[in-house]
There are 4 protein chains.
Amino acid sequence: MSPKTQQQFQELREQKKMQILNAALKVIANHGYNGATISMIAREAGISKGLLYSYYESKEQLLEALISFGMEKAAAFMEDPDAGKPHSKESFAAMLRKMIQMVMQESDFWRMYTTLLLQPNMSGKIQPQAQKFVEQYLGIYIAYFQKKGSRNPMAEAMLFGAVLDGLMFDLMVAPDQYPLEEVLEMIVEKFA
Amino acid sequence: MSPKTQQQFQELREQKKMQILNAALKVIANHGYNGATISMIAREAGISKGLLYSYYESKEQLLEALISFGMEKAAAFMEDPDAGKPHSKESFAAMLRKMIQMVMQESDFWRMYTTLLLQPNMSGKIQPQAQKFVEQYLGIYIAYFQKKGSRNPMAEAMLFGAVLDGLMFDLMVAPDQYPLEEVLEMIVEKFA
Amino acid sequence: MSPKTQQQFQELREQKKMQILNAALKVIANHGYNGATISMIAREAGISKGLLYSYYESKEQLLEALISFGMEKAAAFMEDPDAGKPHSKESFAAMLRKMIQMVMQESDFWRMYTTLLLQPNMSGKIQPQAQKFVEQYLGIYIAYFQKKGSRNPMAEAMLFGAVLDGLMFDLMVAPDQYPLEEVLEMIVEKFA
Amino acid sequence: MSPKTQQQFQELREQKKMQILNAALKVIANHGYNGATISMIAREAGISKGLLYSYYESKEQLLEALISFGMEKAAAFMEDPDAGKPHSKESFAAMLRKMIQMVMQESDFWRMYTTLLLQPNMSGKIQPQAQKFVEQYLGIYIAYFQKKGSRNPMAEAMLFGAVLDGLMFDLMVAPDQYPLEEVLEMIVEKFA
DNA sequence: TATGAATGAGATTTCATTCAT
DNA sequence: AATGAATGAAATCTCATTCAT
């Protein structure tokens with residue numbers, strides 16, 4: 001068996017960590033943190049419980065990794081230059097669509113995220129990271145509504161935030177037959 | 001001497017059931033169904049674990065009772081004649097405020113409700129009742145936007161639903177210093 | 001309400017004790033001592049748990065009362081002059097029938113009795129009384145087989161005892177369509 | 001290096017299952033199903049309670065496994081060619097002895113079996129398997145008594161069955177100083 | 001006397017974590 | 001690295017017994 005270089009070795013480890021992370025995300029999103037068991041996660045990842053513990057030292061730590069991982073992806077999205085800073089009706093609509101898409105693509109993560117935020121019990125784990133994220137996009141939209149001449153840019157931004165949160169929620173709960181296109185148009189009409 | 005009338009017994013039982021229900025709601029809202037333990041609930045209710053089981057035959061059944069109880073209250077609110085059917089900008093605003101108030105007053109219930117809906121695992125327990133509730137208020141607002149001459153009353157109603165959901169979510173997650181008044185005004189401006 | 005005489009009072013108590021005893025017998029015979037709960041017994045007796053405890057101070061004591069009561073009835077049967085001491089083929093057959101009848105009439109008791117004897121755990125409670133009973137009827141049959149000129153009266157008596165035990169067992173397990181008559185004839189043919 | 005072959009694992013599991021089965025049999029035979037606790041069984045098996053549940057998913061399922069296991073052994077005995085079908089006084093005696101021996105060797109199982117049959121509550125679990133077994137040996141003896149020219153082979157077979165059941169019962173209850181030899185001779189004298 | 005609510009000990013069951021191989 | 005057997009603490013649930021009314 002070919003001896004692996006340090007490099008290859010690290011890559012394999014990284015790969016396996018992802019595999020576990022994805023499995024954990026799926027299971028925790030569907031069952032909640034407390035409802036998800038290590039066995040379920042290991043089974044979903046196709047590895048043994050023991051091996052899982054050689055990658056993450058506890059269930060709690062696994063959750064933390066999961067949160068960081070998801071938030072990093074979200075942050076990356078926010079920093080994506082061609083996504084950020086809407087400046088016209090068209091780019092507003094485009095960005096809106098992109099965000100919705102991100103949420104739907106990573107819906108497991110956002111379901112978990114939402115659930116965690118709602119439980120005071122758990123929210124400590126996610127609040128700090130969520131805070132930053134929310135402030136960031138709030139800032140962007142305050143600026144947008146300001147430029148547009150809104151009477152109260154901050155309130156409008158917060159309302160728009162609520163729209164996004166609510167839409168995300170509705171899509172997560174009942175994605176089938178949701179008239180997304182029509183609702184998006186309505187949003188653009190009212191906010192862009 | 002008969003120790004206690006049937007009537008008295010019944011009342012006491014009903015009272016204690018409420019006491020348990022409230023304790024359960026509080027604990028489950030804060031820790032999630034799986035994170036909440038019977039011990040926590042019994043402690044919160046000020047009774048022994050054993051006694052809890054003489055009122056509810058299992059943890060699962062307790063959850064069901066909790067859901068029914070909350071949904072009944074919500075349904076009662078919807079049927080309250082002076083709450084329903086907005087017909088003017090003023091009554092729209094009034095109803096909006098009333099709904100927000102209801103949600104904030106029963107915020108434990110709505111936190112639990114939301115969390116359950118987000119977990120496919122659990123959502124079966126709540127979907128049927130939630131469905132009916134959502135359809136009801138959607139109907140009311142479709143009618144309202146229709147009368148107002150909306151270009152797409154159904155999409156506008158769904159968007160408004162998302163606004164309510166998102167607002168509710170934001171209020172539950174970070175109620176302090178939320179500029180509720182300003183946001184409400186903004187909603188009225190855009191939707192009423 | 002008419003004040004009761006001491007006498008009436010005692011009778012009522014005695015009646016209620018019987019009622020409890022019969023309920024307990026039924027439940028314990030069907031579920032076993034450990035499978036039977038005080039609640040079941042009280043419900044069967046149509047009284048409250050609390051009241052039951054004013055008649056019998058513990059589940060264990062209730063069992064003891066049950067055993068004594070059953071064994072006394074059995075002993076009474078043995079002492080019944082026109083039942084005891086077979087002396088001819090006819091009286092042998094008659095007594096056999098009477099015993100079978102007793103067992104079938106009190107089948108709950110005998111089921112419980114059998115079950116208890118089979119559990120070393122419990123047998124202490126019943127062994128002493130059972131012992132006496134068995135010795136008594138063994139004595140009777142040893143005498144009978146002796147008089148009949150059996151080659152080994154004691155072995156024949158024990159075998160006959162096994163026949164009775166086995167028959168009782170079979171009848172308790174599957175009473176329907178058991179060809180009792182034919183088997184009894186066969187017993188008489190072989191033993192009387 | 002793969003830590004253990006699938007094969008080895010399977011074998012170890014099989015071994016441990018037996019260990020648990022034997023412990024369970026001993027404890028349940030002595031205390032009854034409801035009187036036996038998982039703790040007792042685990043202690044007897046020398047393992048933790050938790051581990052027991054990785055082999056049998058519930059106490060009830062453990063009981064079922066126990067029954068199947070015992071009945072299979074009994075069935076194997078019945079199918080043993082040199083045990084079956086008595087055809088002469090000698091082979092009748094031999095088979096009788098073999099059956100007694102089997103019962104005494106597996107006396108825990110037969111105690112449990114008997115107790116279960118006597119409790120309507122539980123008998124559902126064992127009836128189906130017991131039925132088949134009983135019919136099988138009844139068939140064998142009906143044939144035997146027929147060949148012997150019995151006036152009523154079926155009744156004689158059932159009586160013989162009762163003898164076996166009763167003998168088994170007596171041996172289980174008071175094995176010490178039971179004059180087994182003499183009684184067996186008596187049986188042979190009367191039935192063979 | 002009579003009730004059934006209430007308790008607490010203990011039973012069954014689950015699961016994060018460790019460990020021998 | 002990889003497995004899953006094994007543990008033990010904690011969770012859910014049951015029930016004999018007590019007690020206020």
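Numbered from 1 within each chain, the chains take letters A, B, ... in sequence-line order.
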For Lys59(A), side-chain contact (heavy atoms from CB on, under 4.5 Å) partners two or more places apart:
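Residues passing side-chain contact (heavy atoms from CB on, under 4.5 Å) with Lys59(A): Tyr33(A), Ile38(A).
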
Does OP1 or OP2 of dA1(F) have a side-chain N or O of Ser54(A) closer than 4.0 Å?
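Affirmative; the distance criterion is met.
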
N/O (side chain, Tyr55(C)) to phosphate O (OP1/OP2, dA2(E)) under 4.0 Å:
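It does, given that an N or O in the side chain of Tyr55(C) lies less than 4.0 Å from OP1 or OP2 of dA2(E).
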
Write down the distance between [atom1] ([X]) and [atom2] ([N]), rounded to a whole number of angstrom.
X        : N       : atom1 : atom2 : result
Ile20(A) : dT3(F)  : CD1   : P     : 10 Å
Met40(C) : dT14(F) : CE    : C1'   : 11 Å
Leu63(C) : dT17(F) : CG    : C1'   : 17 Å
Lys17(B) : dA5(E)  : NZ    : P     : 11 Å
Arg43(A) : dA2(F)  : CZ    : C1'   : 17 Å
Ile41(A) : dT3(F)  : CD1   : C1'   : 18 Å

Touch check for Arg13(C), heavy atoms < 4.0 angstrom, all strands: base, sugar-phosphate only, or nothing?
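Sugar-phosphate contact only - Arg13(C) comes under 4.0 Å of backbone atoms but never of a base.
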
Within the 4.0 Å heavy-atom criterion, would you say Tyr56(B) contacts the bases, only the backbone, or no part of the nucleic acid?
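Counting heavy atoms under 4.0 Å across all strands, no contact is made by Tyr56(B).
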
With rounding to the nearest 0.5 Å, note down the distance linking [atom1] in [X] to [atom2] in [Y].
X         : Y         : atom1 : atom2 : value
Gln127(C) : Leu116(C) : CD    : CG    : 10.5 Å
Ser48(A)  : Leu52(A)  : OG    : CG    : 8.0 Å
Asn22(D)  : Glu44(D)  : CG    : CD    : 9.5 Å
Arg13(C)  : Lys16(C)  : CZ    : NZ    : 10.5 Å
Gln10(C)  : Gln15(C)  : CD    : CD    : 12.0 Å

For dA1(F), give the paired nucleotide (Watson-Crick: N1-N3 plus N6-O4 or O6-N4; G-U: N1-O2 and O6-N3; both under 3.5 Å), or none.
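With both distances under 3.5 Å required, dA1(F) matches none.
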
Could you please name the partner base of dG10(E), counting Watson-Crick and G-U wobble pairs only when both distances are under 3.5 Å?
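Its partner is dC13(F).
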
Within residues 24-32 of chain B, residues whose heavy atoms come under 4.0 Å of DNA chain E:
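Nucleic-acid contacts, sorted: none.
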
Would you mind building the protein contact string for nucleotides 11-16 of chain E? One character per nucleotide, 5' to 3', B for base within reach (heavy atoms under 4.0 Å), S for sugar-phosphate only, - for untouched.
SBBBBS

Using the ring of each side chain (for Trp, its six-membered ring), is Phe109(D) parallel, tilted or perpendicular to Tyr113(D), with breaks at 30° and 60°?
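Tilted, since the angle between the ring planes falls between 30° and 60°.
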
Lys49(A) to Ser39(A) - nearest heavy-atom pair and separation:
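Shortest heavy-atom separation between Lys49(A) and Ser39(A) comes out as CD-OG, 3.4 Å.
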
Please find the pair of heavy atoms, one from Asn121(D) and one from Asn30(C), that lie closest to each other, and give the distance.
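Distance-wise, the nearest heavy atoms are CB-O, 2.8 Å.
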
Which is more 5' along DNA chain F, the nucleotide nearest Leu52(D) or the one nearest Leu52(A)? Just name the residue.
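Closest to the 5' end, via its nearest nucleotide, is Leu52(A).
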
For the side chain of Ser48(B), counting heavy atoms from C-beta on, which of dT3(F), dA6(E), dT7(F) is nearest?
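Comparing dT3(F), dA6(E), dT7(F) against the side chain of Ser48(B), the answer is dA6(E).
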
